[in-house]
Structure formats: C-alpha cells, structure tokens
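Small disclaimer: the values here were computed from a predicted structure and weren't measured. In what follows, chains are A, B, ... by sequence order, proteins preceding strands, each numbered from 1.
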Number of protein chains: 2
Amino acid sequence: MDMIERVRRFNRAVTTRTGTLNESYLDRGRSFGQARVLFEIGPSGMDVRTLRERLSLDSGYCSRMLKALEKQGLVKVRQSAADRRRREASLTAKGRAEWSAYDRLSDDLARSMLAPLTEQQRTRLIDAMATVETLIAAGSVTFTAEAPDSADARFCIEAYFAELAERFEEGFDVALSNASGDPGMAPPGGTFLVARLAGRPVACGGVKTVGPRTGEIKRMWVARDARGLGIARRLLDALETEARALGMTRVVLDTNRALTEAHAMYRKAGYHETERFNDNPYAHLWFAKDFA
Amino acid sequence: MDMIERVRRFNRAVTTRTGTLNESYLDRGRSFGQARVLFEIGPSGMDVRTLRERLSLDSGYCSRMLKALEKQGLVKVRQSAADRRRREASLTAKGRAEWSAYDRLSDDLARSMLAPLTEQQRTRLIDAMATVETLIAAGSVTFTAEAPDSADARFCIEAYFAELAERFEEGFDVALSNASGDPGMAPPGGTFLVARLAGRPVACGGVKTVGPRTGEIKRMWVARDARGLGIARRLLDALETEARALGMTRVVLDTNRALTEAHAMYRKAGYHETERFNDNPYAHLWFAKDFA
DNA sequence: GAATATCTCTGACTAAAGTCAGATAATGGA
DNA sequence: TCCATTATCTGACTTTAGTCAGAGATATTC
C-alpha cells in the first residue's frame, strides 16, 4: 500500500471514531451551532469578535445564537469596558455546568478509546498519537514573507532577543549587537519570514543584502515548544530560496558559541566556517554558503 | 500530561486537519448530503436499500437526493431485476467523473499532510498512523452473545473449520470431530460470542456445560486479518466471564498440536495442561482452568 | 388466495444553518 | 468637528437537513 492510501485509511478510521463525539453533542438537546458557541466561550469568557472569528460565523447568525443562549440562562453578554462597541460573552453558573458536560464528552470519547486496550497497547497508542500529532503540526506550519516590524515579526524578534540574553554566557544587549539592520530585511534588498502554527507565530528569520550578490541571514529563531519539528531546517531552506530569488549567489551568517545546535544545522545544510566578516561582539563563528 | 489529555489533544489535532476535507467537498457546488450519496454509490453502483443503511438516511430524504442527482445527470436509478420493489443506483459517465473529483480531494488532503515533511518524517508518520489505526480498530471490537446458528456465527464457524482443514497435518472433517455440541453453546447451559469490527464478524467462541459446574470452551477463532489486536485474549476473558455467570467454576478445552500460538495464549491466561477428557480425534492437548 | 411485510416514493412538515442588506452606536484619526 | 471605520444587531430571506404519515407496488407467508 502506498503512503497516500495509508494516510487516507488513517483519516477514515480516525474520523469515523471521533465523529461520534459530534453526534453526542446533540444529545444535550441543543443544536450543534449553539453547543459550539457555548463551548468556545469557555469558562473564562470571550469577546464576541474573537468568538465569531474562531468559529467563522456570520455576525447576525452569531448574535442570534448568543441571544438564544442568553434566554436559556447559560450565557451573559455585556458591553466591553475598553471599547464600548464590543461585547463580551461569559458563562453563567448554569452555563459553566453545561460547558463541563460538553467537556466531559471529549473525556468520555478518549476513555472509550483506551478502555478496551491492555496497558501495553495503551502506551503504544499514546506514543503513536503523540508522533502523529507532532508530525501533523510540523506539516501545517506555514511561512509568510512580511515586514520585520509587523506585530508577529516583532513578537518573534523580542522572543529571540530574550532567548539570546538567557543563553549567551556574556548576556545580550540589543544596542551592542549590529541590530540596526532590520529595515534591510524587507524588499527590495531583503526579506523577512514568519512561520506560523495554527495562526500563532512560532519562528522567524530574515535575509538582507550586505554586499554584491551577497546576503546575510539574521534573526533565525524557533519557539521552544515548536522545536523538533524540522522548522529551523525548512526556514533556512526558505530563506535560501528567497536569497536566490533576490539574485544572491552567496549567503553568510554569524552565530554565538552557545548556540551549538545551530552550528550543527548550518554545517549539515552545506555552510562552511569562514573568516570574521563583521564586528558583532556576540559572534564567535561565521558561516558562508555559495549557491551552485 | 495524562493519557486522557493526550488522546484529546490528538483528536483535536486530527479532526481540525481532516475537517478541511468536508469543507472542500462543498466547493464542488453540491450540498454535503448529495456529495455523500454520490460518493457512496461509487463507480460500481449500489442498491438504494444498502445506500440508505450505510448513510443512515430517511427513505424519503434519500429518494429526493437521488432524484436531484439524477436531474443533474450524475446518477441513474433503475429497478432491480432480482426484487422489483428494490431500486439500484449507478453513476453515469458524468457521475463517475464527479466521483473521481471527490476521491481526488481525499488524495489531496493526504498529499498535503506528507508534502512538507522530510522522507524520514514521512516514514515515522506512516508508521505511527498504522499503529493508531490498528489500536483504534482493536478498541472498537464489540462482543455480543448470540445463537450459534445466526448468520454471522455460522460464517465464523465455517471460516474456523476451513482454517482447521488447512492447518491440521491430518486435515479436518467436521463429521469426525465431536462437533455435535453447537446447540449446547446457547442459554441456559452455555453461550456463544461473536466479535465484530465495524459490523463485520471477525471472531467467535463458545462455552457449553460438559459436567457439574464445568464448561468447555469451543470454536475459538479470530479472522486472519484481525489478528495481533489482542482479540483472542479478550474473547477468552469474555468467555470466562460468561462461564462464571453460568455458575461454572472450571473450564476445559482441547486443541490440536498445530495451533501453537493458541497453546501459548492458554498458558499465559492461566490454563494448565490436563489429562485427555474427550475422544476428539483432532485433539492433542487438553487444558483446564479453575476459577478462584 | 388472502393477509402481511417490505421497498420506495410523494406530500407536508419543522428545525437548523447560513446569507445579505441595512440600521445603530462607538471609535479613531484628519 | 467631521468622516471613515468598526462592532454589533435586526429583519428578511434561502438552502440544507431531517422527520413523519401515508400510498402504491411487489414479495413472502400462512
């Protein structure tokens, strides 16, 4: 059986098993739409805008469902203090009880999948599930080119700096690093990529022109909880593709001695160590790669 | 994280990924219900009764959807030759083209899950998927007590005899074995269990009274393609539970020397070899287990 | 051959899901 | 202050999904 067929079989098997969950939602005497809204609001509440976006609902449709839930005494909707156009939905005590009931259905499904198995089978199943989940996550990471001062890009860069400060023996001060170059990481001379997992930014990296047909790769970072998915490698590939598209034939980069896992990756990706090409006080190693 | 939470995370991850498939179905300009019917009919056609059962549709609802598909020139419904009350639906050339288009969507989803991964990751994913699929299948096997002459029970017993004939060095002839006992495997003195996987019978086994507070386990069989799921062990457990419920304190069984994997399982389940207790010409080993 | 059961269809419903065009009120700049 | 934008709501729809009670034709059983 080829891989495609295997994946299809898997999809079929899993969706038929988990499909029963959706049906059990209806047993609580509420339409699926309303159950979804109630469950999404959650015990900590949510503003209506976010709710609509998460469930991709029409505003009128959503408004009506909230009203219905309010009439059932499950939900309370009130004006937001910060922005009085907005409204915030939260669960009443009765609503939280219903939420728990829906939550329990997911637990029950999970339990029913494990119950008939032996302890050994359970462990095997859990391990395999973790692997599938991880690799599905890895596969759904998207890369987008955007301005290095976009909200998500800045979030990544901040996290990157924070991590450097933590990992460098000598600490890290943005002002001392040659950090002026962010604007260069935008068209026409460069580019900046943000990787997202389920909408959340989890990695970034940029390339900017530093000489004739030469680019420098900077700000490469992957969020701690997104490591081990091969994102760094794909990001590096993507940056090289961007560099080529910008007419570059050579890319260089510098790195700190503390970032050992990065050194290994650069070498494996075809980079070779080269002489110091900048005066970054935090850099101990300099790498370069020439495109064929 | 505990097991329940891990399973829930897995379910969430997989359903959000595969949920896109259902949405993409709608892109072909047909309601989900109609798409489902069209796809289920399949290139080889199907009679309306079966179709309705598979998709659990109301007969009127189904009839209308078929009519709509017929009007679109995708489906042809005609009277069955065998039973003129029945009708049979089949796809037209245009219908087969649409079917392929839907089929391709599943392929595309599978491909898009694999595409971003490295070869090594793909192999890991496929392996983990196979494990999950197998163990989910194992978990969804159901055991039901039924008459040993029910259709599915007979199917299992035939398959069992066929396999014995194949595996015994000396061949197997039902008439020579002490096969008269099937009626005993029903209440009040015994019971017969059929295991099903997705509706299909995949295993069977029975217990009947052979002496005071003593039962004999017979006809234990697991379909070849359902082995390795721990069904045999669970079936044996279930039969012992039935035996206890029937007031038995001891169960015995006989087996042929060729069925080595069975011997191992009986020993592991607490059975010990005992003296010959019957004149079954095909038996070489006799086992017994006393309940605590 | 009559009674009963089965298979499918039609008509008449209801509920849920989803869309679209304003109306209303608040916010954030120019 | 005015004007464009944003967030939500209301009313008026359509489509999809699903149910139920017969009717008509055919098959099965006694």
Side-chain angles (χ1 to χ4, degrees), chain A residues 19-20 22-41 45-72 74-90 98 102 151, chain B residues 19-20 22-41 45-72 74-90 98 102 151:
Chain A
T20 58
N22 291 344
E23 282 161 41
S24 66
Y25 265 44
L26 295 175
D27 294 345
R28 301 202 63 75
R30 205 162 286 111
S31 76
F32 188 63
Q34 283 183 27
R36 229 160 60 107
V37 168
L38 174 67
F39 192 75
E40 190 67 31
I41 291 171
M46 182 173 292
D47 79 303
V48 174
R49 186 72 230 268
T50 317
L51 180 65
R52 274 213 323 266
E53 257 160 28
R54 292 246 184 113
L55 302 179
S56 21
L57 292 171
D58 173 83
S59 76
Y61 187 27
C62 182
S63 165
R64 257 177 282 263
M65 278 197 287
L66 283 172
K67 197 180 284 181
L69 289 169
E70 217 167 357
K71 206 147 109 189
Q72 290 168 58
L74 300 166
V75 165
K76 197 85 215 149
V77 184
R78 68 184 170 303
Q79 209 168 40
S80 158
D83 179 341
R84 277 155 43 228
R85 289 170 304 182
R86 291 199 173 211
R87 306 194 70 202
E88 282 164 356
S90 57
E98 272 305 289
Y102 285 117
Chain B
T20 58
N22 291 346
E23 284 162 40
S24 66
Y25 264 45
L26 296 174
D27 294 345
R28 301 201 64 76
R30 204 162 285 114
S31 76
F32 189 62
Q34 281 182 29
R36 229 160 60 106
V37 168
L38 173 66
F39 193 75
E40 191 66 32
I41 292 171
M46 182 173 292
D47 80 304
V48 174
R49 187 72 228 268
T50 316
L51 180 65
R52 275 213 321 267
E53 256 159 30
R54 292 243 183 117
L55 303 178
S56 21
L57 292 171
D58 173 83
S59 76
Y61 186 26
C62 182
S63 163
R64 256 178 282 266
M65 278 197 288
L66 283 171
K67 198 181 285 181
L69 289 168
E70 215 166 359
K71 206 147 109 191
Q72 291 168 58
L74 300 165
V75 165
K76 200 82 214 151
V77 183
R78 66 186 172 302
Q79 207 169 42
S80 157
D83 178 343
R84 275 153 44 229
R85 290 171 304 182
R86 293 200 172 210
R87 305 195 68 202
E88 282 164 357
S90 57
E98 273 302 293
Y102 286 116

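- Side-chain atoms of B:Arg86 do not come within 3.5 Å of backbone N or O of B:Asp47 as any donor-acceptor pair.
- Taking atom CG of A:Asp58 as the reference point, atom P of D:dT8 lies 13 Å away to the nearest angstrom.
- Using a 4.0 Å cut-off, no side-chain N or O of B:Arg86 falls inside it from OP1 or OP2 of C:dT6.
- Among the atoms of the strands shown, only primed sugar atoms or phosphate atoms (P, OP1, OP2) are found under 4.0 Å from some heavy atom of A:Asp83.
- Residue contacts shown for A:Gly33 are limited to sugar-phosphate atoms, with no base heavy atom under 4.0 Å away.
- Rounded to an integer number of Å, the gap from CE of A:Met46 to P of D:dT8 is 13 Å.
- When the side-chain nitrogen and oxygen atoms of A:Arg84 are compared with OP1 and OP2 of C:dT27, one or more of them lie within a distance under 4.0 Å.
- Contacts of B:Ser31 with the nucleic acid, taken as non-hydrogen atoms under 4.0 Å apart, involve only primed sugar atoms and P, OP1 or OP2.
- A:Glu70 places its CD atom 13 Å from the C1' atom of D:dC9, with the value rounded to the nearest Å.
- Proximity of B:Val77 to B:Leu69: side-chain heavy atoms (C-beta onward) are nowhere separated by under 4.5 Å.
- Rounded to an integer number of Å, the gap from CD of B:Gln34 to C1' of D:dA17 is 12 Å.
- A donor and an acceptor atom sit less than 3.5 Å apart, one in the side chain of B:Arg64 and one in the base of C:dG11.
- Side chains of B:Gln34 and B:Gln72: a donor-acceptor N/O pair is present below 3.5 angstrom, by distance only.
- If you measure from atom CE of B:Met65 to atom P of D:dT19, you get 11 Å, rounded to the nearest angstrom.
- Comparing atom distances between the A:Tyr61 side chain and each of D:dT19, C:dC7, C:dA17 picks out C:dA17 as nearest.
- For the residue pair A:Ser80/A:Asp83, the side-chain donor-acceptor check at 3.5 Å is not satisfied.
- Across the interface with DNA chain C, nearest-nucleotide mapping of A:Ala82 and A:Gly60 shows A:Gly60 to be the residue nearer the 5′ end.
- Contact annotation: A:Arg36 side-chain N/O to C:dA17 OP1/OP2 distance is not under 4.0 Å.
- Put simply, CD on B:Glu23 is 15 Å from P on C:dA17, counting in whole angstrom units.
- For the pair B:Asp47 CG and C:dT6 P, the interatomic distance rounds to 16 Å; values are reported in whole Å.
- In the interface, the side chain of A:Arg85 is not paired with the base of D:dT8 through any donor and acceptor atom under 3.5 Å apart.
- One can place CG of B:Leu26 at 12 Å from C1' of D:dT15, the figure rounded to the nearest angstrom.
- Ring geometry for A:Tyr102 versus A:Tyr25: interplanar angle of 30 to 60°, hence tilted.
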